[in-house]
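Below, chains carry the letters A, B, ... as their sequence lines are ordered, and counting in each starts from 1.
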Amino acid sequence: MAYDKFNILKSKGIPLQIENVDTDQIIPARFLKATERVGFGDNLFRDWRYNQDNSPKKDFILNNSLYSGKILIGGRNFGSGSSREHAAWAIYDYGFRCVVSSFFADIFRNNCLNIGVLPVQVSEDFLSKIFKEIHNDYNSELEVNLKKQKISIIKLKESESFDIDPYKKDNMLNGYDDIDYLINIKEQIRNFADKTFL
Amino acid sequence: MSKTLFDKVWDSHIVHQVPSGPDILFIDRHMVHEVTSPVAFLGLEKRGVSVLYPERTFATADHNTPTINQHLPVKDPLSAKQLKALEENSAKHRISYWGLGHEKNGIVHVVGPEYGITVPGATIVCGDSHTSTHGAFGAIAFGIGTSEVEMVLSTQCIMQIKPKKMRININGKLEKGVTPKDVALFIISKLTASGATGFFVEYAGNVITSMSMEGRMTVCNLSIEMGARGGMIAPDEKTFHYIKNREFTPKGKSWDKAMDYWQTLYSENDSVFDKEYHFEAIEIEPMITYGTNPGMGVAITKGIPKADSIQGGTITFQKSLNYMGYNEGEDMIGKPVDFIFLGSCTNGRIEDFRAFAKIIKGRKKASNVTAWLVPGSHKVLSSIKEEGILDILKESGFELREPGCSACLAMNDDKIPAGKYAVSTSNRNFEGRQGPGSRTLLASPMVAAAAAVTGRVTDPRILF
Ligand code: SF4
């Protein structure tokens, strides 16, 4: 499914200063029963966000109205665990377009790229700076420039560059997805398949 | 440069290389289940395309299924709808479907090898991270997301950047009571839950070669728990013997042709890995986890480390212990246990049930413990009955459930209640993984058995 183009994102961020945030926290398994991709944002971080009686947990960052924005900032090793794309859907559906961390789990990173959420991996150092700045001033904005592969803390005039596969970058800039590309080379795939023996 | 096992399989599946982009890999076998597939099938419909090679895809229902009364209609309406969707999508696209009650039904990573869908040198994917299990046969097998499931259904290909290569060598002889699960938990405790991110792992050394195929599956299964894309083991005579004459393996001339290829599948002597580790069997004891990621494991006799011995992340360490209701420095032996879960694609095969039965035989289930014993498939279930293991279980006061993922991810009713401790043979001890508020101690079937009869965390070696 093609998605929105991504170019420059200027936004406040929500700091989730926890390491090893796994996909079971992002979206617990009991919410994976849907047969359509709708409504996942409501259950994003469900068990950290709500008590068992469904009242919001006051100390959880998403429930703190001071913090808002389209950028989620997480601690090291973000998205480990299951291959459920539902985790990326939940993040997207909640309204995030970009996740920043100092380290991402592989499948999660792929899943994000496949649905139009940009994973931005920064150094440990820069990540601490972002956390510190947002904790100081929740209105402080970040700018993520995909074309230039640069993320900046606007107020501090500090920035860092990030890596992205050139092909994936192109896809995100244009809002293409992999399937469009693959369908285009179907003949080549058929020829390859004819020669396989497993 | 000489090729590794991984290079050989990967390179022979490249259909096309996107200039300065990912490789387009041909996928030999694709497994689907009810949870990660419905949106992919919807995607096909939206694009107006059909499944390119239905004979290469196999569907089974496992994640969301009840483990009692499977002959009755599924109670939960959402689960029932998801199962129905898989059944209908499979029928519509002419995909083999092994639904509830089907004799071949079971956990996707258990039934794949059982029926010979899993073969050496193949590329195998599934919308489930423990697809790495199939690497035990020398296949490149890894988990994918739903967009990628749609990709494979519609084009039989996937786009991937080639991961880096890691080899983990384990040599020596394992002591009695030390199982493949302990080997895996030991490695993860050394490398941490993210230590192999970005890598594809090859396991080697005589500890691995002397393991059974089922043991190798357990080890490869857990590769993802240290962040690896997958893990694999070079196929050998044991592998070929295991797969020969299974329903979907090649036969006759095709077998010979496949064998010619399979026998080339090993890492050349002078091939180079981006990272290499060496461990000795003598270092490994029965393991157990005390925290909320699979890297937080210790030898069962050792106990919980002190916060100051943990590299980095002490906040995370403390948060984790708070969740578990434990303190740094405490012994694990003797900790109370409320539940036992024997099952999952990690340890739900017949050898796991044999190991469990060996310990509990002649003993009684502890009265404070609730035990859920869940075979990985109908085939495993039949073997349990045929081998007399069911009788042993019953004599000791245990019951057997019907096959499925069950409490491994607690999508069905098999949820560990909040605050309760479960010794589980599954693969994840994340917060709430086995039910909201549940506390998981990952361990081998033997450690689970020892806890089941003593009601506490117990070293199984004292029960031999
Ligand atoms: S048993 Fe657990 S890990 Fe294995 S496929 Fe099922 S849910 Fe996934």
Side-chain angles (χ1 to χ4, degrees), chain A residues 1 17-20 22-25 28-30 32-37 46-48 52 75-77 80-89 103-108 110-112 114-115 165-168 170-171 177-183 185-186 188-193 196-198, chain B residues 15-16 18 20-22 24 26 28 35-36 38-39 42-43 46-47 49 52-53 64 78-79 81-82 85 119 121-122 127-129 143-148 150-151 154-157 159 161 193-194 197-198 227 229 250 254 257-258 293 313 316 319 409-411 418 428 430-433 436:
Chain A
M1 239 166 296
Q17 200 162 5
I18 300 173
E19 292 181 4
N20 298 313
D22 60 70
T23 48
D24 279 79
Q25 306 319 318
R30 58 189 193 281
L32 307 186
K33 295 187 183 186
T35 45
E36 285 175 75
R37 201 188 129 178
R46 182 77 203 191
D47 294 338
W48 283 347
Q52 297 224 349
R76 192 183 152 76
N77 196 26
S80 59
S82 120
S83 62
R84 61 185 72 152
E85 196 168 294
H86 311 69
W89 297 344
F103 199 80
F104 288 98
D106 278 340
I107 304 182
F108 177 78
N110 263 344
N111 285 342
C112 282
N114 281 338
I115 66 154
D165 174 69
Y167 162 81
K168 284 289 182 192
D170 209 51
N171 270 4
D177 71 11
D178 287 349
I179 304 184
D180 299 329
Y181 192 106
L182 290 174
I183 288 177
I185 61 158
K186 227 176 210 169
Q188 202 177 340
I189 296 171
R190 282 218 170 87
N191 290 337
F192 188 95
T196 58
F197 57 89
L198 285 182
Chain B
V15 175
H16 180 76
V18 180
S20 67
I24 295 178
F26 188 79
D28 294 310
V35 176
T36 52
V39 172
L42 271 186
K46 282 191 192 143
R47 284 176 209 266
V49 298
L52 188 58
Y53 294 113
N64 206 351
L78 289 175
S79 301
K81 191 172 168 214
Q82 209 171 44
V119 289
D128 183 281
S129 54
I144 56 177
T146 298
S147 298
E148 293 169 315
E150 187 184 338
M151 253 173 247
S154 56
T155 68
Q156 205 58 40
C157 282
M159 290 191 160
I161 295 168
S194 61
T197 303
R229 205 69 178 84
S254 316
K257 190 168 176 192
N293 75 58
T316 312
K319 180 173 179 291
L409 90 163
M411 260 190 93
R428 287 189 174 139
F430 299 153
E431 286 183 27
R433 166 78 176 186

Participant: Working to the nearest 0.5 angstrom, can you tell me the gap between B/Met159 CE and A/Asp165 CG?
Facilitator: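 It is 10.0 Å, given to the nearest 0.5 Å.
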Participant: When you compare the side chain of B/Val18 with that of A/Tyr181, does any pair of heavy atoms fall below 4.5 Å?
Facilitator: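 Yes; the side chains approach each other to less than 4.5 Å.
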Participant: Between B/Cys157 and A/Leu182, which heavy-atom pair has the shortest distance, and what is it?
Facilitator: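 Smallest heavy-atom distance, with atoms named: O-CD1, 3.9 Å.
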Participant: Please identify, among B/Val119, B/Asn293, B/Asn64, the residue contributing the most non-hydrogen atom pairs under 4.5 Å to chain A.
Facilitator: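 Top count of heavy-atom pairs under 4.5 Å with chain A: B/Asn64.
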Participant: Could you look at A/Asn77 and say if it's the side chain, the backbone, both or neither that has a heavy atom under 4.5 Å from chain B?
Facilitator: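 Contact with chain B involves the side chain of A/Asn77 alone.
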Participant: Is a donor on one side and an acceptor on the other found under 3.5 Å between the side chain of A/Gln188 and the backbone of B/His16?
Facilitator: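 The answer is no, because no donor-acceptor pair under 3.5 Å joins these two groups.
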Participant: Using side-chain heavy atoms (C-beta onward) and a distance below 4.5 Å, is A/Arg30 in contact with B/Pro436?
Facilitator: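 Contact flag for A/Arg30/B/Pro436 side chains = yes.
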Participant: In Å and rounded to the nearest 0.5 Å, what is the CD to CD1 distance from B/Glu148 to A/Ile107?
Facilitator: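 Reported value, rounded in 0.5 Å steps: 8.0 Å.
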Participant: Can you list the steps and then say if B/Asp128 with A/Arg84 is a side-chain contact (heavy atoms from CB on, under 4.5 Å)?
Facilitator: CA-CA 7 Å; B/Asp128 183 281; A/Arg84 61 185 72 152; over 6 Å; no
Participant: Which atoms of A/Gln52 come close to chain B, meaning under 4.5 Å heavy atom to heavy atom: side chain ones, backbone ones, both, or neither?
Facilitator: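 For A/Gln52, the contact with chain B is made by the side chain alone.
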Participant: Where on A/Ile18 is there a heavy atom nearer than 4.5 Å to chain B: the side chain, the backbone, both, or neither?
Facilitator: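 The side chain, not the backbone.
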Participant: Using a cut-off of under 4.5 Å for heavy-atom pairs, which of B/Gly198, B/Ser129, B/Pro38, B/Ser20 has the most such pairs with chain A?
Facilitator: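 Most heavy-atom pairs within the cutoff with chain A belong to B/Ser129.
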Participant: Please round to the nearest 0.5 Å and tell me the distance separating atom CD of B/Gln156 and atom NZ of A/Lys186.
Facilitator: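 Separation between the atoms: 11.0 Å.
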Participant: At what distance, to the nearest 0.5 angstrom, does CZ of B/Arg433 lie from CG of A/Asp24?
Facilitator: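 Rounded to the nearest 0.5 Å, the CZ-CG separation comes to 4.5 Å.
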Participant: Indicate yes or no: at least one non-hydrogen side-chain atom of A/Asp22 is less than 4.5 angstrom from one of B/Glu431.
Facilitator: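 No, side chains not in contact.
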Participant: Can you find a heavy atom in the side chain of B/Pro22 that is under 4.5 Å from one in the side chain of A/Tyr167?
Facilitator: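 Yes, close enough: below the 4.5 Å cut-off.
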Participant: For a side-chain contact (heavy atoms from CB on, under 4.5 Å) check, start with the C-alpha distance between A/Asp177 and B/Glu150, then their side-chain angles and the critical distance, and finish with the verdict.
Facilitator: CA-CA 11 Å; A/Asp177 71 11; B/Glu150 187 184 338; over 6 Å; no
Participant: Give the member of B/Ala122, B/Gly21, B/Gly145 that has the highest number of heavy-atom pairs under 4.5 Å with chain A.
Facilitator: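 Counting heavy-atom pairs under 4.5 Å, the top option is B/Gly145.
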Participant: Return the option, out of A/Thr196, A/Ile185, A/Asn111, A/Leu32, with the maximum number of heavy-atom pairs under 4.5 Å with chain B.
Facilitator: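 Greatest number of close heavy-atom pairs with chain B: A/Leu32.
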Participant: How close do A/Thr35 and B/Ala85 get, counting heavy atoms only, and between which atoms?
Facilitator: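 Looking at all heavy atoms of both residues, the closest pair is CG2-CB, 4.0 Å.
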Participant: Determine the option with the most heavy-atom pairs under 4.5 angstrom with chain B, choosing from A/Ala87, A/Pro28, A/Ala34, A/Ala105.
Facilitator: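 When all of A/Ala87, A/Pro28, A/Ala34, A/Ala105 are compared, A/Ala34 has the most.
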Participant: Quick one, A/Glu85 with B/Ser147, criterion side-chain hydrogen bond (donor to acceptor under 3.5 Å, both in side chains). Give me CA distance, side-chain angles, the key distance, then yes/no.
Facilitator: CA-CA 8 Å; A/Glu85 196 168 294; B/Ser147 298; 2.6 Å; yes
Participant: Check each atom of A/Phe103 against the heavy atoms of chain B and say whether the ones under 4.5 Å are side chain, backbone, both or neither.
Facilitator: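 The side chain, not the backbone.
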Participant: Output the distance between atom CG (A/Asp178) and atom CE (B/Met151), rounded to the nearest 0.5 Å.
Facilitator: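 It comes to 4.0 Å.
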Participant: Has the side chain of A/Arg37 got a donor or acceptor atom that lies under 3.5 Å from a matching backbone atom of B/Val39?
Facilitator: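 No.
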Participant: When rounded to the nearest 0.5 angstrom, what distance separates CG in A/Asn20 from CZ in B/Phe430?
Facilitator: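 If I round to the nearest 0.5 Å, the distance is 8.5 Å.
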Participant: Is it the backbone or the side chain of B/Ile24 that comes under 4.5 Å from a heavy atom of chain A, or both, or neither?
Facilitator: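 When you check distances to chain A, only side chain atoms of B/Ile24 fall under 4.5 Å.
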Participant: Quick check on B/Ala258 against chain A: is it the side chain, the backbone, both or neither that has a heavy atom closer than 4.5 Å?
Facilitator: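 For B/Ala258, heavy atoms of backbone and side chain both lie under 4.5 Å from chain A.
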Participant: Between B/Lys319 and A/Trp48, what is the shortest heavy-atom contact and its length?
Facilitator: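 Closest pair (atom of B/Lys319, atom of A/Trp48, distance): NZ-CZ2, 3.5 Å.
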Participant: Just so I understand: if I count every heavy-atom pair under 4.5 Å between each of B/Asp28, B/Thr155, B/Leu78, B/Val49 and chain A, which residue has the most?
Facilitator: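 Ranked by contacts with chain A, first place is B/Thr155.
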Participant: Looking at side-chain heavy atoms only, is the closest gap between B/Ser194 and A/Arg76 below 4.5 Å?
Facilitator: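 Contact flag for B/Ser194/A/Arg76 side chains = yes.
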Participant: Would you say A/Ser83 and B/Ile144 make side-chain contact, with heavy atoms under 4.5 Å?
Facilitator: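 No, too far: nothing below the 4.5 Å cut-off.
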